[in-house]
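Here's the structure, in structure tokens; my notes come after.
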2 protein chains.
Amino acid sequence: MEAGGTKFLCAVGTGPDDLHEMVRILTTTPVETLGRALAFFERFRGRLRALGIGSFGPLDLDPASPAFGTVTTTPKPGWSGVPLLRIFQEALGIPVALDTDVNAAALGEGRWGAAQGLHTFIYVTVGTGIGGGAVIHGRRLRGLLHPEMGHLRIPRDRERDPFPGLCPYHGDCWEGLASGPAMAARWSQPPETWPPDHPGWALEAEYVALGLVNLILTLVPQRVILGGGVFRFPPLYGMVRRRVQERLGEYLWAPALAGDLEGYIVPPALGERSGLLGALALAMGVAEDT
Amino acid sequence: MEAGGTKFLCAVGTGPDDLHEMVRILTTTPVETLGRALAFFERFRGRLRALGIGSFGPLDLDPASPAFGTVTTTPKPGWSGVPLLRIFQEALGIPVALDTDVNAAALGEGRWGAAQGLHTFIYVTVGTGIGGGAVIHGRRLRGLLHPEMGHLRIPRDRERDPFPGLCPYHGDCWEGLASGPAMAARWSQPPETWPPDHPGWALEAEYVALGLVNLILTLVPQRVILGGGVFRFPPLYGMVRRRVQERLGEYLWAPALAGDLEGYIVPPALGERSGLLGALALAMGVAEDT
């Protein structure tokens, strides 16, 4: 199950070529949304081995915490404190694995997509918000908490871009400056309607690149999987790659970082299904463990 | 062995309470410096089980690379291309482990210092340069390369601070703005001579905090071990902690991040010996593996 802020996707299966019975549920109240999701999975009672959930966050993923498995400080009305993990564990009586949507998507891309055979890579999505997941040495990154890469601080030139940023917590953090809604608000026009020569694309490429450079210097991923709504304008990929290359300034040396970065910063191979297949990979992981 | 840019420290032993025969070698040419280090270790021939080297970098740490174990693009005259790992392996005939000085220091703090019992933490040093090492899920972080956290990009207010930065690659990256030499150059006076109310301390706290916030959001460490020359002014710790707390803006929720962060951002428990003991931990790791 992919538990997104606007929709939940539920499906049953064993892999990318066997993913069926897919349903799409609008995210409304927890009672209504989770009720419908549970009703879907209950149809398969006795035939499900495990459930994986890739969810919007923030989530409490510390097994030692009393709030383990719940949605925490989301501004989404009604969702703060919802014990996502326990609800499904108790109702379905099967092992349930929970992680962020982006950590799940990273896992899915590692198992079946653009990061197959790699041990250390990141998945970054730039759309309604900015989120990042990571697999490090073959395992989903989880430390004190799950990563919150969307809230990185990046440099900006206030003369060139006086827009204050949209993040309710930080104003001009990465997401505050470069999410789809930030782009739309800055130019009073959504990016879907921009012509290819709109000046917003160059600024967006610069901001996306600055965040990626920080992630690359910190996590040194073997590959960066980059997607999300703003990349429905595909030329943005080349623009971002060029800016990343400029900003790294030839400081890091590795064959993967030479040239145009076409093989280093790549779209998700699973397309729109990274999250859902990532949730399936979570389920398969917890099934193996139990 | 701690292979630093200004000095090499060599020692023999089995732990913090058994570390002896320590020598200090000034870092000059590779031939002279490595010759003296080798001569030291050869005195113990037949009695050494393994050698660990925590070195200045950048290093090629990819076992599949033809340049594995060498110093790569350092501006240090004569050191680029030096095959550090092979020289010691061949001369001593024992297992040798190599990593960055900061990854080694992180490992040392994990084994005997401020990060005992933790699985995911970082070690950051702010002095002549800025460097960061990380242990993630119990292993030293190594992806495509080792991390280069010192070169993160952070926001800055050019009106408040017009200093262009000192990094030869990036100008105003984290290290370019906040290393000890950058502080000295900006104010035409080294920080060792500053009074406690010098305005440079507040700016330094702000910059150190901005880099740490990015590392915290990305790696979500259970603890941050922070040291280096600029912390010879101990009040800087409290200033950095307050700025980190402000900049996180109550977005991340975890007990460790509540309050004044005194238990979260801490000095190295091993003091000046983090690097050398980290190298010993590297040696013990490679000895166990072979």
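Labels below follow one simple rule: chain letters A, B, ... track the order of the sequence lines, proteins then strands, and each chain is numbered from 1.
Of the listed residues (B/Pro155, B/Ala134, B/Gly143), the one with the most heavy-atom contacts under 4.5 Å to chain A is B/Pro155. Counting heavy-atom pairs closer than 4.5 Å to chain B, the top residue among A/Val220, A/Ile122, A/Ile216, A/Leu141 is A/Val220. Interface summary for chain A: among B/Leu118, B/Leu219, B/Leu210, B/Val213, the most heavy-atom pairs under 4.5 angstrom belong to B/Leu219.
Nearest heavy atoms, B/Leu144 versus A/Ala256: CD1-CB, 4.0 Å. Nearest heavy atom pair, residue A/Leu217 against residue B/Leu152, reads CD1-N, 3.7 Å.
You'll find the side chain of A/Leu145 reaches within 4.5 Å of the side chain of B/Leu257, heavy atoms only.
In this structure, chain B has a heavy atom under 4.5 Å from the side chain of A/Pro58, while its backbone stays farther away. Interface residue B/Ile154: only backbone heavy atoms are found under 4.5 Å from chain A.
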What would the table of donor-acceptor pairs between chain A and chain B look like if you include every N and O pair under 3.5 Å, whether backbone or side chain?
residue	atom	partner	partner atom	Å
A/His137	NE2	B/Arg140	O	3.3
A/His137	NE2	B/Arg142	N	3.2
A/His137	NE2	B/Arg142	O	3.4
A/Arg140	O	B/His137	NE2	3.3
A/Arg142	N	B/His137	NE2	3.2
A/Arg142	O	B/His137	NE2	3.4
A/Leu144	N	B/Val220	O	2.7
A/Glu148	N	B/Leu217	O	2.9
A/Glu148	OE1	B/Tyr251	OH	3.3
A/His151	NE2	B/Tyr251	OH	3.2
A/Arg153	N	B/Asn214	OD1	2.7
A/Arg153	O	B/Asn214	ND2	2.9
A/Arg153	NH2	B/Arg247	O	2.9
A/His170	NE2	B/Leu248	O	2.9
A/Asn214	OD1	B/Arg153	N	2.7
A/Asn214	ND2	B/Arg153	O	2.9
A/Leu217	O	B/Glu148	N	2.8
A/Val220	O	B/Leu144	N	2.7
A/Arg247	O	B/Arg153	NH2	2.9
A/Leu248	O	B/His170	NE2	2.9
A/Tyr251	OH	B/Glu148	OE1	3.3
A/Tyr251	OH	B/His151	NE2	3.2

